[in-house]
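Residue numbers count from 1 along this sequence.
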Amino acid sequence: MRYVHAWEFLDDETGEAIPMEELENYTRPFSVKEKEYRDEVYEVVACVTMKNAMSYRYYESYEFVLNDEVFKKDSGTSDIMAYLFDVAPEHILDMQSFLEEYTTDVNPGLDYESKQKYVEEFDEYRNIFLLTGGALCFVVALVGILNFFNTVLTSIYARRREFAVLQSIGMTGRQLKKVLICEGLWYVGITAIASLALCVLTAPVAKQLGNGLAWFFTYRFTVVPVLAVIPIFAVFGAALPLISYRSIAKRTVVERLREGGC
């Protein structure tokens, strides 16, 4: 392995060395060459695969794990490229605070990564999906509720003369309310069955898309959200027909019969 202590910058056309003070504003093409260096020979004792959280932080032709004291001695520097260490669970927060203060105020040239930073970054990444998914679910739920309201209201309004006829031949308001509640719950039941069937049918596609989105994604099939909203829609299905009927029942049976025509 070659340790370079000094570099030389040469003009590509003339081959002359470029002074360091002129390099920043130099506009002509130039190349870089080792000026002072020393080669060291090492024996490879093992080939290893580093975990993602323990990567080399170095992306050139050589990726290696070397003893820190040997590296500092051979390279002539007091710094190491990357240093990995464990911290006892009860001292993680203290070490986190120390490293954050040290890399911010004492030595800004250094940086650090910790398990806590990975957790915080992952939480931010997850919150993006939660926010986006929550917004989409809210829009879809709102459209579904409005559509349900429209269906129930339209049905009751269109059948107001039918209700008046039933009441004119002896059906009580209590019986009519019971029929409307059963119809609303029937709508909710059909919707729930269709939603559960759709979840089951789309599960294989969702699993393939979810697992392929990122390496840490694991798809888990669940129908809990569907089951959780069924009672809410059941309340809507029972309450909305009653509210709609009350607005219609303010008019007498005779008025409603005349309103519908013959």
Side-chain angles (χ1 to χ4, degrees), residues 1-130 210-219:
M1 187 167 64
R2 174 165 296 181
Y3 292 95
V4 180
H5 303 293
W7 297 92
E8 187 177 23
F9 302 91
L10 303 176
D11 188 291
D12 288 347
E13 296 181 2
T14 63
E16 297 179 354
I18 305 172
M20 290 294 297
E21 58 272 13
E22 300 179 7
L23 187 63
E24 183 176 354
N25 299 321
Y26 204 78
T27 57
R28 295 169 58 178
F30 63 90
S31 56
V32 183
K33 182 181 179 181
E34 300 97 336
K35 184 177 181 181
E36 298 178 10
Y37 59 88
R38 187 183 78 262
D39 292 336
E40 291 287 345
V41 178
Y42 298 97
E43 179 182 357
V44 178
V45 297
C47 293
V48 299
T49 300
M50 301 291 285
K51 295 182 178 180
N52 290 327
M54 299 170 59
S55 65
Y56 298 95
R57 273 66 170 180
Y58 189 74
Y59 305 101
E60 293 294 338
S61 56
Y62 298 104
E63 294 182 346
F64 58 90
V65 180
L66 189 64
N67 179 274
D68 57 338
E69 296 300 329
V70 174
F71 177 78
K72 288 191 290 185
K73 178 177 68 68
D74 293 345
S75 63
T77 179
S78 59
D79 300 322
I80 56 178
M81 298 175 64
Y83 182 71
L84 308 178
F85 61 93
D86 292 325
V87 179
E90 62 270 18
H91 300 304
I92 289 180
L93 295 180
D94 294 337
M95 179 59 70
Q96 177 89 4
S97 301
F98 167 75
L99 291 175
E100 185 173 358
E101 180 181 358
Y102 184 81
T103 55
T104 302
D105 302 328
V106 180
N107 195 341
L110 296 181
D111 193 13
Y112 78 97
E113 295 177 355
S114 66
K115 180 180 179 180
Q116 186 62 29
K117 288 185 67 174
Y118 279 115
V119 171
E120 293 173 357
E121 292 176 1
F122 179 77
D123 286 340
E124 294 178 358
Y125 186 67
R126 183 180 61 177
N127 289 336
I128 295 175
F129 287 89
L130 291 176
N211 291 342
L213 188 61
W215 63 267
F216 50 80
F217 276 22
T218 301
Y219 177 80

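In this structure, Phe122 places its CZ atom where more than 12 heavy-atom neighbours from other residues, nucleotides or ligands lie under 6.0 Å away.
What you find for Glu69 and Asn67 is that their closest heavy atoms are N-OD1, 2.9 Å. Closest approach of Lys117 to Tyr112, counting heavy atoms only: NZ-O, 2.9 Å. Here the closest non-hydrogen pair linking Ala6 and Val4 is O-CG1, 3.3 Å. Here the closest non-hydrogen pair linking Ala17 and Glu8 is CB-OE2, 4.0 Å.
Between Glu113 atom CD and Gln116 atom CD the span is 14.0 Å, to the nearest 0.5 Å. Interatomic distance, Glu90 CD to Ile92 CD1, rounded to the nearest 0.5 Å: 8.5 Å. To the nearest 0.5 Å, the span separating CG on Asp74 from CG on Asp39 amounts to 11.5 Å.
Side chains of Ile18 and Arg28 form no contact here, defined as non-hydrogen atoms less than 4.5 Å apart. With contacts defined as side-chain heavy-atom distances shorter than 4.5 Å, the pair Glu34/Trp7 qualifies.
Phe129 and Tyr125 have perpendicular rings, their planes meeting at more than 60° on a 0 to 90° scale where under 30° would count as parallel.
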Distance-only criterion, 3.5 Å: show the donor-acceptor pairs between side-chain atoms of residues 96-103 and protein atoms not counting sequence neighbours.
| unit_1 | atom_1 | unit_2 | atom_2 | d |
| --- | --- | --- | --- | --- |
| Gln96 | OE1 | Ser114 | OG | 2.7 |
| Ser97 | OG | Leu93 | O | 3.1 |
| Thr103 | OG1 | Leu99 | O | 2.7 |
| Thr103 | OG1 | Glu100 | O | 3.4 |

